[in-house]
Amino acid sequence: MARTPQGFPRPARLTRPSEFRRVFAHPRRSSDRYLTVLAAPNDLGHPRLGLAISRKVSPRAVERNRIKRLIRERFRHLQAELGNLDFVVIGRHGLTQLPAAQLNEILERHWKRLSRQSGNAS
RNA sequence: CGAGUCGGCCGGACAGUCGCGGGGAUCCACGGGAUCCUCGAGGAAAGUCCGGGCUCCACAGGGCAGGGUGCCAGGUAACGCCUGGGAGGCGCGAGCCUACGGAAAGUGCCACAGAAAACACACCGCCGAUGGCCCACGGGCACAGGCAAGGGUGAAAAGGUGCGGUAAGAGCGCACCGCGCGGGUGGCAACACGCCGCGGCAGGGUAAACCCCACCCGGAGCAAGACCAAAUAGGGAGGCCAGGAUGCGGCCCGCAUCGCCUCCGGGUAGGUCGCUUGAGGCAGCCGGUGACGGCUGUCCCAGAUGAAUGACUGUCCCCGACAGAACCCGGCUUACAGGCCGGCUCGAUUU
């Protein structure tokens, strides 16, 4: 683990369909009216993040990109506290109306709760 | 200065910190990572409405069906695009708009009004010369009949103006305008003509209604398509032990099936290519009214694949619109805060 804890390189992301399927198969959930977060443990020694922001969230690509960037940015800052979990964040309709500060707050609450439930928060 | 019109351009800036994708160099405990350098969304990247390249499939030729285009010429790889020109319409003007072939091929459709919507018609009208009667010789009366100028309806009533003509009228005649046909001249052509001749003269609209005419058009799309290739099902070829198992045989031989190895084939997960050097950008010169073309020089300018441009802080201003590449180009259309530059037009003002 020589990786800088502030970075967000490829190994910290879910990339393959099979990795997404693994999380969707047996997830812990945490959700509200803006988004749903799924989590499943891994044995890598660090958390990973996957995003599912569909057209239902917003028909405009610019808005979807903005949401994904904000989520990744928040993950980058918090990843050291999240334990060995794979997260998938699913956006819901109306997410684009949420101010950035509030989005950050919501994300932190979901991630930390799921991390605590798994009992391996660092 | 105000109003307008056409064309071109920009689309927050700078600094710092933490991050992301591509490329290059160097290094390391090399299917990974580190350091440094460098590049990293748009004018519409959008809608996917046209046109092409590219790829695979289909294909002798011709025709039909279906779809598209529709003044002429040019540009282009091509176009439904662009440029120039013509015609018609709008505007004082610069300029703008046009789905702009055919309704004297056929079929269909067209409210209301109006006498009549076409073999035109006669509601109100005009005349009543000719023939009849009366007469104070000016004329009057009634009928037969003639007429389509005026009124009225309508989107449209078979051309307009004037003169002649007549009882009143009428392309009835004439002149000019308009229309059609033939010719001439100019123009590559569309078309034009204040050129000539002929005809008193066709004709309501609608073809983004059917239709006719001319020209054009195979289909599917980068999840196209090509390659590498664990796994797995079954297959083909050769070899191995002349050893074995099972079946058919009383037994031998023999035949069939089974085993192991190699190769071929196959193609799932996954990976690689396609993937960015191109009908390319910029500058200069040349040809062209222009779209555009030619030559020379120069530059390399996103290539991701859950998918990269962001976050935070500070300073400034007029406080930031529409909006995110996904094979690539050429167009069109639509969205858009604010701003810059230039040409031209109209009006006002100033010395």
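Per chain, numbering begins at 1; letters A, B, ... match sequence-line order.
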**Study point:** Rounded distance in Å between the C1' positions of B:C39 and B:A308
**Key:** 13 Å
Practice item. If B:G186 has a Watson-Crick or G-U wobble mate with both distances under 3.5 Å, name it; if not, just say none. Key: B:C191
Review point. Do A:Asp86 and A:Glu19 touch side chain to side chain, with heavy atoms closer than 4.5 Å?
Key: no
Check your understanding: Is A:Asp32 reaching over with its side chain to a backbone N or O of A:Thr36, donor-acceptor style, under 3.5 angstrom?
Key -> no
Study note, to complete from the structure: Any strand, both distances under 3.5 Å, Watson-Crick or G-U wobble: B:A214 pairs with B:U69
Point to revise | Complementary nucleotide of B:A175, counting Watson-Crick and G-U pairs under 3.5 Å | key: B:U161
Exercise for review: For nucleotides B:G306 and B:U296, find the distance between their P atoms and express it as a whole number of Å.
Suggested key: 46 Å
Review point. Mind checking who B:G287 pairs with, Watson-Crick or G-U wobble, both distances under 3.5 Å?
Key: B:C292
Point to revise | Residue A:Thr15, side-chain atoms from C-beta onward, closest of B:G324, B:A307, B:G310 | key: B:A307
Exercise for review: Measure from CD1 on A:Ile71 to P on B:A308 and round the result to the nearest Å.
Suggested key: 12 Å
Practice item. Identify, between A:Asn65 and A:Ala100, the residue whose nearest nucleotide on RNA chain B lies closer to the 5' end. Key: A:Ala100
Check your understanding: Closest to the A:Arg76 side chain: B:G270, B:G19, B:G324?
Key -> B:G19
**Study point:** Ionic contact status for A:Glu73 with A:Arg69, cut-off 4.0 Å
**Key:** no
**Study point:** Whole-Å C1' distance, B:A77 and B:C329
**Key:** 10 Å
Exercise for review: Give the rounded distance in Å between these two atoms: CG of A:Leu49 and C1' of B:C20.
Suggested key: 14 Å
**Study point:** Candidate nucleotides B:C20, B:G270, B:A323, ranked by approach to the side chain of A:Arg16 - the nearest
**Key:** B:G270
Check your understanding: With respect to the side chain of A:Arg69, which nucleotide from B:G306, B:G324, B:C20 is positioned closest?
Key -> B:G324
Practice item. Report the distance from atom CZ of A:Arg66 to atom C1' of B:U309, rounded to the nearest whole Å. Key: 16 Å
Review point. Whom does B:C258 pair with, Watson-Crick or G-U wobble, provided both distances fall under 3.5 Å?
Key: B:G244
Point to revise | Paired nucleotide for B:G150 [Watson-Crick or G-U wobble; both distances under 3.5 Å] | key: B:C124
Revision key, fill the gap. note: A:Arg60, atom CZ; B:G324, atom C1'; distance rounded to Å ~ 13 Å
Point to revise | Nucleotide nearest A:Phe20 when distance is taken to its side chain, options B:A307, B:G306, B:A311 | key: B:G306
Exercise for review: Please tell me if the side chains of A:Arg48 and A:Gln79 come closer than 4.5 Å, counting only heavy atoms from C-beta onward.
Suggested key: no
Revision key, fill the gap. Whole-Å distance, A:Arg13 CZ to B:C20 C1', equals 6 Å
Check your understanding: Between A:Arg72 and B:A308, is there a side-chain N or O to OP1/OP2 distance below 4.0 Å?
Key -> yes
Practice item. Pick the P atom in B:G67 and in B:G51, then give their distance to the nearest Å. Key: 16 Å
Review point. Looking only at atom types and distance, does a side-chain atom of A:Arg64 sit under 3.5 Å from a main-chain N or O of A:Arg55, one as donor and one as acceptor?
Key: no
Exercise for review: With C1' as the reference atom in both, quote the distance from B:A223 to B:G274 in angstrom, rounded to an integer.
Suggested key: 13 Å
Point to revise | Glycosidic conformation of B:G43, taking syn as within 90° of 0 and anti otherwise | key: syn
Study note, to complete from the structure: Assigned chi class of B:U276 under the 90° convention is syn
Practice item. Could you please name the partner base of B:G2, counting Watson-Crick and G-U wobble pairs only when both distances are under 3.5 Å? Key: B:C346
Check your understanding: Which base, if any, makes a Watson-Crick or G-U wobble pair with B:A308, both distances under 3.5 Å?
Key -> none
Exercise for review: Indicate whether the side chain of A:Asn42 and that of A:Asn84 have a donor and an acceptor atom separated by less than 3.5 Å.
Suggested key: no
